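This structure is in structure tokens; I'll ask about it shortly.
Per chain, numbering begins at 1; letters A, B, ... match sequence-line order. The structure displayed is predicted, hence computed values, not measured ones.
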Amino acid sequence: MQLSRDALLRAYRQMKIIREFEERLHEEIQTGEIAGFTHLYCGQEAVAVGVCEHLDVEDKIISTHRGHGHCLAKGCDVNDMMKEIWGSRDGLCKGKGGSMHIADVDVGMLGANGIVGAGAPIAVGAALSQKLDGKGKVAITFSGDGACNQGTTFEAMNLAVVTNAPCIFVFENNHYSEHTGVEYAVGTQQDIASRAEAFGMKVWRGDGTDFFAVHDTMREVLDHVRSGNGPAAVEFDTERFFGHFEGDPQRYRAKGELERLREERDCIKRFRESVTGAKLLTDEDLDKVDSETLAAIDAAVTAARAAARPTSDDVLEDVYISY
Amino acid sequence: MQLSRDALLRAYRQMKIIREFEERLHEEIQTGEIAGFTHLYCGQEAVAVGVCEHLDVEDKIISTHRGHGHCLAKGCDVNDMMKEIWGSRDGLCKGKGGSMHIADVDVGMLGANGIVGAGAPIAVGAALSQKLDGKGKVAITFSGDGACNQGTTFEAMNLAVVTNAPCIFVFENNHYSEHTGVEYAVGTQQDIASRAEAFGMKVWRGDGTDFFAVHDTMREVLDHVRSGNGPAAVEFDTERFFGHFEGDPQRYRAKGELERLREERDCIKRFRESVTGAKLLTDEDLDKVDSETLAAIDAAVTAARAAARPTSDDVLEDVYISY
Amino acid sequence: MAKMMYREAVVSTIAEEMERDDSVVVLGEDVVGGMGTAGGPEAIGGIWSTSTGLYGKFGADRVIDTPISESAIVGAAAGLALSGKRPVAELMFADFIGVCLDQIWNQIAKFRYMFGGKSRCPAVIRMAYGGGFNAAAQHSQSPHQILTGIPGLKVVMPSTPADVKGLLRQAIRDDDPVIFLEHKALYAVSGEVPDDPEFIIPFGHARLSRAGQDVTIVSSGLLLGFCETVADKLAEEGIGCDVIDLRTTSPLDEEVILDSVEVTGRIVVVDEAPPRCGLAADINALVAAKAFASLKAPPQAVTPPHTPIPFARELENAYLPSAERIEAAVRKVLDWR
Amino acid sequence: MAKMMYREAVVSTIAEEMERDDSVVVLGEDVVGGMGTAGGPEAIGGIWSTSTGLYGKFGADRVIDTPISESAIVGAAAGLALSGKRPVAELMFADFIGVCLDQIWNQIAKFRYMFGGKSRCPAVIRMAYGGGFNAAAQHSQSPHQILTGIPGLKVVMPSTPADVKGLLRQAIRDDDPVIFLEHKALYAVSGEVPDDPEFIIPFGHARLSRAGQDVTIVSSGLLLGFCETVADKLAEEGIGCDVIDLRTTSPLDEEVILDSVEVTGRIVVVDEAPPRCGLAADINALVAAKAFASLKAPPQAVTPPHTPIPFARELENAYLPSAERIEAAVRKVLDWR
Ligand SMILES: Cc1ncc(C[n+]2csc(CCOP(=O)(O)OP(=O)(O)O)c2C)c(N)n1
Ligand SMILES: Cc1ncc(C[n+]2csc(CCOP(=O)(O)OP(=O)(O)O)c2C)c(N)n1
Ligand SMILES: [Mg+2]
Ligand SMILES: [Mg+2]
């Protein structure tokens with residue numbers, strides 16, 4: 001299905017915001033200003049955006065430790081996220097969550113999650129809630145190729161099938177879990193989708209570096225699930241451009257791998273080539289988005305740096321609603 | 001492969017011992033003398049025996065809450081088991097474990113287990129130990145159709161494949177997990193083996209009420225695994241003749257189901273018909289085993305009833321080797 | 001007032017709250033029972049009969065029978081709760097928190113805090129706990145110390161049918177996650193229960209089940225009854241015991257405990273879990289820190305030993321705190337010096 | 001004596017024990033690192049560098065890299081141990097006991113007891129714990145209270161490289177299951193370590209790291225250093241502190257603690273976990289029960305508040321016990337009455 005000019009611009013902007021958000025974080029982290037563990041999503045933008053462009057605020061997603069892309073794609077505010085990563089009390093989670101725990105329930109983003117595999121069962125619950133509400137909404141859980149080996153992920157798939165929950169398991173196979181290759185850790189010859197299929201779901205596969213492949217695939221998946229056919233799974237082949245976390249020396253990569261990936265497997269580059277080649281958008285259109293994006297990220301960083309810091313009293317807040 | 005007369009007699013005796021052990025327990029439990037939760041294996045004997053007749057004392061097995069059959073088939077002493085179930089301090093586990101926790105590491109029986117699904121990862125560890133020892137020995141975990149939905153079972157299958165562990169996952173599909181049907185709880189249309197296959201193992205299927213089917217299948221499975229080809233899974237279709245636990249009113253069963261199962265799906269009846277039909281053994285041979293078995297069980301119950309009771313001092317023993 | 005069993009108080013409260021509020025949803029293993037069998041749904045209920053009839057009344061979307069996948073059950077409860085529902089999830093045995101602790105500890109308990117107070121997770125996780133059935137080491141435990149130690153959870157341990165009613169109603173209506181521990185040896189115990197559909201017992205308010213001036217006994221669940229027996233016996237000798245039923249271990253009613261100890265100067269905490277890092281130590285340390293000047297004798301604990309739970313009748317009997325052991329501890333603090 | 005980092009003490013001890021005893025086997029996520037990648041095995045080690053070089057020396061059968069499946073990791077350790085091996089399993093973060101507690105709590109810890117003393121399960125489960133890295137609520141916890149509360153486990157919390165050496169050697173040779181908690185903020189700390197290949201620190205023997213007559217301070221792990229700082233400062237004022245490094249929380253060295261309190265009459269327990277049902281309460285209740293007559297002031301605890309661990313620097317700093325808070329607590333018990 002042909003996307004409108006607006007939709008294309010929007011998709012590009014979304015991917016670009018994620019990219020620049022993270023490229024900037026990668027720089028800022030070197031300065032030591034940002035605390036904690038940060039896992040960058042850079043390179044996988046087409047998946048988050050290709051999925052979330054189909055969703056509205058009532059659809060729900062759950063993310064992982066590598067959550068910035070999903071959060072931004074689902075509509076979390078850039079400035080509030082940046083402040084959160086900076087640990088400000090004005091951050092999206094008041095500085096309590098940080099990079100690994102960004103959530104915004106109001107936009108249907110039920111949380112990044114530091115525990116690998118924890119999101120999948122939570123998504124089934126969100127999907128069961130959607131089923132109860134009967135509005136054709138879904139819940140989507142993003143999992144890595146590593147997370148697909150965690151027992152919770154398997155249990156969630158079976159429970160979703162048994163309860164016919166409108167849940168979608170999006171597996172982002174970026175070929176690595178930390179420093180381990182998917183060929184080693186996933187016993188069944190790298191194929192995650194077939195394993196999901198054996199749980200009784202319809203599955204799809206796609207090239208996660210091709211926005212249009214993701215977007216088209218997800219249209220089918222969502223049609224299937226929104227129509228009450230129960231859960232589905234999809235595996236996207238994708239690439240991460242940085243280390244597992246910031247600070248990872250990445251000695252597990254092949255020589256020149258990162259350069260090759262940036263050259264051949266960059267979803268944003270491919271998008272640009274594709275839309276300009278097909279004359280759907282011009283380089284000028286896209287350059288404009290680029291500079292707007294850079295300015296927005298710049299403003300977000302400036303705001304984050306200046307934002308209010310939490311105080312020791314804040315530690316005790318928000319444990320309970322009443323106690 | 002044709003079994004010798006001795007082997008046939010032994011197999012029959014093993015099945016019969018399990019059957020009578022449990023039929024007797026079923027009676028004794030009514031009197032209130034036996035404490036705790038007891039899950040009877042009656043009906044599934046051909047699986048435990050068809051598997052364990054291939055094993056020696058160095059091969060290891062792990063069992064479930066429904067463990068009596070596996071324990072007896074692997075060589076646990078009948079008298080010591082009966083005493084254990086009676087809670088005697090002379091029991092196999094000094095009265096500390098009871099029906100759900102019978103173990104005898106010396107005969108390669110690493111424990112019945114009250115936690116559904118807990119055995120599978122433990123079996124992978126035992127299999128890794130076998131691999132290290134390099135003697136072609138295996139570890140086998142028995143799981144029910146309910147246990148196959150527990151995350152641990154899935155994780156164990158993947159880990160076994162990844163580490164090429166000589167581990168065999170025997171799924172006993174008796175169609176029920178407690179009061180729930182396998183058609184409901186296993187999302188993928190009752191088929192457990194296909195799900196195991198998707199983890200990257202070779203799988204087998206067999207009629208678990210036919211001793212010879214089990215025994216022949218297991219010969220293949222064991223040849224495969226002992227030769228270093230990594231783990232395997234096998235699903236046996238079988239039947240339980242009693243309730244989930246003693247006291248279960250079994251209202252989930254179809255009318256006449258139990259009678260039909262005892263008539264058509266009794267592995268011991270089928271064994272007898274088959275071996276007498278083929279003139280491999282006579283009814284006389286088998287009757288002799290029957291009466292010996294009954295006498296042995298009778299003696300075991302008498303001994304258990306008379307056996308020493310534990311004292312309060314025993315509570316503190318055997319927590320640690322040293323503390 | 002109506003007379004009903006502890007288990008009936010559970011199921012009737014859930015039914016009433018489901019009636020009242022569409023967002024209440026039940027899930028767990030065999031909570032319907034008979035799914036996928038010839039007998040059909042509700043051929044038989046869960047093993048504790050604490051969900052009997054719910055499926056018939058509220059249907060499959062609100063009474064969800066699950067596979068044996070506790071992490072998925074609790075995780076699904078988390079997702080339902082984050083989505084605005086009020087899930088009441090059942091773990092058949094409290095011992096099974098071992099296979100799903102992450103969803104309780106690192107997810108449900110922490111969402112609100114990690115997300116900066118911008119979410120709510122009103123999930124109730126019910127579970128049957130405790131000994132007395134010779135169910136051995138993996139089916140008899142009282143893991144409330146693990147749960148009480150987790151910030152973000154509220155932990156409830158009712159000892160009577162009336163308390164089940166008032167506390168479970170509060171649990172379901174509460175906006176925070178609640179662990180609801182039901183003692184399996186109490187399920188068949190009967191008692192008077194208020195009819196008022198708004199009868200609620202707020203959390204953090206202990207109940208003084210016996211009043212006296214000489215010694216404070218603190219307990220909950222099944223053992224509370226043993227403490228009452230001891231108190232009644234000692235009353236005949238003219239010894240007065242305050243018997244405090246905690247009702248909730250988190251929040252803890254520090255005030256009632258400290259007020260009592262200020263008068264009695266003596267405390268015995270009776271708990272069903274092994275001693276190390278347990279609730280008895282928690283309360284005794286509290287008393288030592290905050291009622292130090294009032295204490296006339298060392299605070300005592302009556303708990304099982306630091307061992308797993310054994311199977312045989314004689315062994316389990318020796319393992320669990322008994323009225324005799326409670327009485328001995330009370331006499332010990334009374335006789336001190 | 002050799003100077004080495006805490007993390008080096010971990011890996012060198014494992015290597016020495018693997019050399020000495022063929023039955024020692026290592027398993028965990030990324031303990032090899034680089035499996036299935038272009039870089040190949042050991043392209044990069046585990047994230048704590050606590051298994052570096054082991055694969056090269058001992059090969060794939062004894063250094064087993066696993067998928068992200070903690071239940072399977074601990075379960076496999078259980079199976080290896082029941083089969084006569086001595087597995088040393090690594091959980092990357094102690095917070096991950098949430099996804100595998102059953103295998104620790106209901107399996108490994110209970111086998112010997114449930115099986116009537118007829119089995120042994122010499123498994124070591126190593127894990128990195130503790131705060132200080134702004135790793136937030138799911139990667140900073142100190143769950144030793146959960147583990148210490150489990151009968152059947154031994155629980156170790158070394159605070160120096162030398163203690164890592166002596167205690168880890170004991171852990172690997174021990175015939176019971178051992179939880180070995182390594183504080184992530186100590187990994188890069190250096191110290192002198194005895195060369196003696198038989199240097200062993202037996203379990204249940206606390207270390208008196210400072211001696212004094214006025215107050216007893218009990219701690220372990222990272223916070224021990226804060227306690228020493230406070231003790232050194234107070235020493236200048238003529239106030240003497242016994243600083244007790246527990247080394248193992250199970251078994252607990254009751255004797256050293258009680259002996260000290262008998263002299264000082266005052267105790268402050270400093271612990272990194274939230275307060276409810278925690279180790280600080282455990283020890284203070286012990287002291288209140290068994291050294292009651294010696295106590296001159298209420299036993300104090302310095303712990304984080306009853307909240308999850310927050311992310312931002314300011315918040316985590318306020319959350320964790322600091323030298324200032326420890327000093328204040330010590331002065332409080334000294335000034336009491
Ligand atoms: C239960 C659990 N185990 C281990 C970890 C440590 N860990 C964090 S991310 C990660 C790798 C995840 O790999 P994958 O699922 O492929 O996601 P990716 O990092 O590639 O996005 C690991 C092992 C964790 N956070 N939680
Ligand atoms: C983790 C866990 N969840 C639930 C239970 C309660 N339970 C005991 S047996 C059982 C059913 C098991 O079914 P299946 O695996 O098919 O074995 P079967 O009883 O048919 O032999 C359940 C739910 C348990 N013991 N452990
Ligand atoms: Mg990955
Ligand atoms: Mg079954």
Side-chain angles (χ1 to χ4, degrees), chain B residues 34-37 65 84 86-89 91 93-101 113-118 144 146-152 175-187 244-245 248-255 257 309-319 323, chain C residues 29-47 60 65-73 75 92-93 95-96 98-100 102-103 131-141 274 304-320 322 325:
Chain B
I34 294 171
F37 294 129
H65 57 288
E84 184 59 30
W86 241 268
S88 160
R89 72 174 310 201
C93 305
K94 299 191 190 160
K96 288 201 164 122
S99 167
M100 267 196 288
H101 306 291
N113 206 311
I115 303 296
V116 168
C148 83
N149 296 321
Q150 183 68 250
T152 47
H175 317 297
Y176 295 102
S177 52
E178 293 206 344
H179 316 141
T180 299
V182 62
E183 285 165 57
Y184 178 78
V186 177
H244 168 62
F245 43 51
D248 172 4
Q250 303 184 67
R251 286 192 298 269
Y252 44 83
R253 299 226 190 232
K255 221 179 145 241
E257 179 176 323
R309 303 303 305 169
T311 68
S312 56
D313 291 344
D314 296 329
V315 171
L316 303 179
E317 297 297 315
D318 296 326
V319 184
Y323 193 62
Chain C
E29 292 159 21
D30 269 319
V31 292
V32 180
M35 299 297 278
T37 70
E42 297 205 295
I44 197 168
I47 65 164
D65 208 310
T66 69
I68 309 178
S69 311
E70 284 80 3
S71 284
I73 295 170
M92 209 178 280
F93 288 82
D95 313 67
F96 304 162
V99 297
C100 58
D102 182 72
Q103 289 290 341
F133 284 83
N134 306 104
Q138 296 173 335
H139 284 75
S140 308
Q141 295 173 96
H306 185 64
T307 80
I309 305 181
F311 160 68
R313 286 202 175 94
E314 294 86 342
L315 296 172
E316 196 187 34
N317 289 345
Y319 174 91
L320 292 172
S322 59
R325 283 185 53 214

Side chain from CB out, backbone as N, CA, C, O: work out which of these in Thr307(C) comes under 4.5 Å of a heavy atom of chain B, or both, or neither. both

Contact class of Val315(B) relative to chain C, heavy atoms under 4.5 angstrom: both

With a 4.5 angstrom heavy-atom cut-off, which part of Asp65(C) approaches chain B: side chain, backbone, both or neither? both

When you compare the side chain of Ile44(C) with that of Glu178(B), does any pair of heavy atoms fall below 4.5 Å? no

Closest non-hydrogen atom pair between Pro67(C) and Asn149(B), with its separation: CB-ND2, 3.7 Å

Options Leu316(B), Ile115(B), Val116(B), ranked by heavy-atom pairs under 4.5 Å with chain C, top entry: Ile115(B)

Roughly how far apart are His101(B) NE2 and His139(C) NE2, rounded to 0.5 Å? 7.0 Å

Should Met35(C) and Glu183(B) count as side-chain neighbours, where that means a heavy-atom distance under 4.5 Å? no

Spacing of CD belonging to Gln150(B) relative to CZ belonging to Phe96(C), to within rounding of 0.5 Å: 9.0 Å

Over 60° means perpendicular and under 30° means parallel, so classify the ring planes of Phe133(C) and Phe37(B), tilted if in between. parallel

Please flag which part of Ser88(B) lies under 4.5 Å from any non-hydrogen atom of chain C: side chain, backbone, both or neither. neither

Closest non-hydrogen contact found for Pro310(B) with Ala312(C) is CG-CB, 3.7 Å

Going by heavy atoms in the side chains, are Glu314(C) and Arg89(B) under 4.5 Å from each other? no

Using 0.5 Å steps for rounding, measure from the CZ atom of Phe311(C) to the CE atom of Met100(B). 9.0 Å

Is there a side-chain contact between Pro308(C) and Val319(B), using heavy atoms and a 4.5 Å cut-off? yes

For chain B, find which of Gly45(C), Gly40(C), Ser69(C) contributes the most heavy-atom pairs closer than 4.5 angstrom. Ser69(C)

What's the spacing between Ile68(C) CD1 and Thr152(B) OG1 if we round to 0.5 Å? 10.5 Å

Considering only heavy atoms and a distance below 4.5 Å, find which of Glu29(C), Glu316(C), Met92(C) pairs most often with chain B. Met92(C)

Could you tell me which portion of Asn113(B) (side chain, backbone, both or neither) has an atom closer than 4.5 angstrom to a non-hydrogen atom of chain C? both

Pairs of heavy atoms under 4.5 Å with chain B: top-ranked of Asn134(C), Asp30(C), Thr37(C): Asp30(C)

Contact origin within Lys94(B) toward chain C - heavy atom pairs under 4.5 Å: backbone

Max heavy-atom pair count under 4.5 Å with chain C, selected residue of Lys96(B), His179(B), Glu84(B), Arg309(B): His179(B)

So for Glu317(B), is it side chain, backbone, both, or neither that comes closer than 4.5 Å to the heavy atoms of chain C? neither

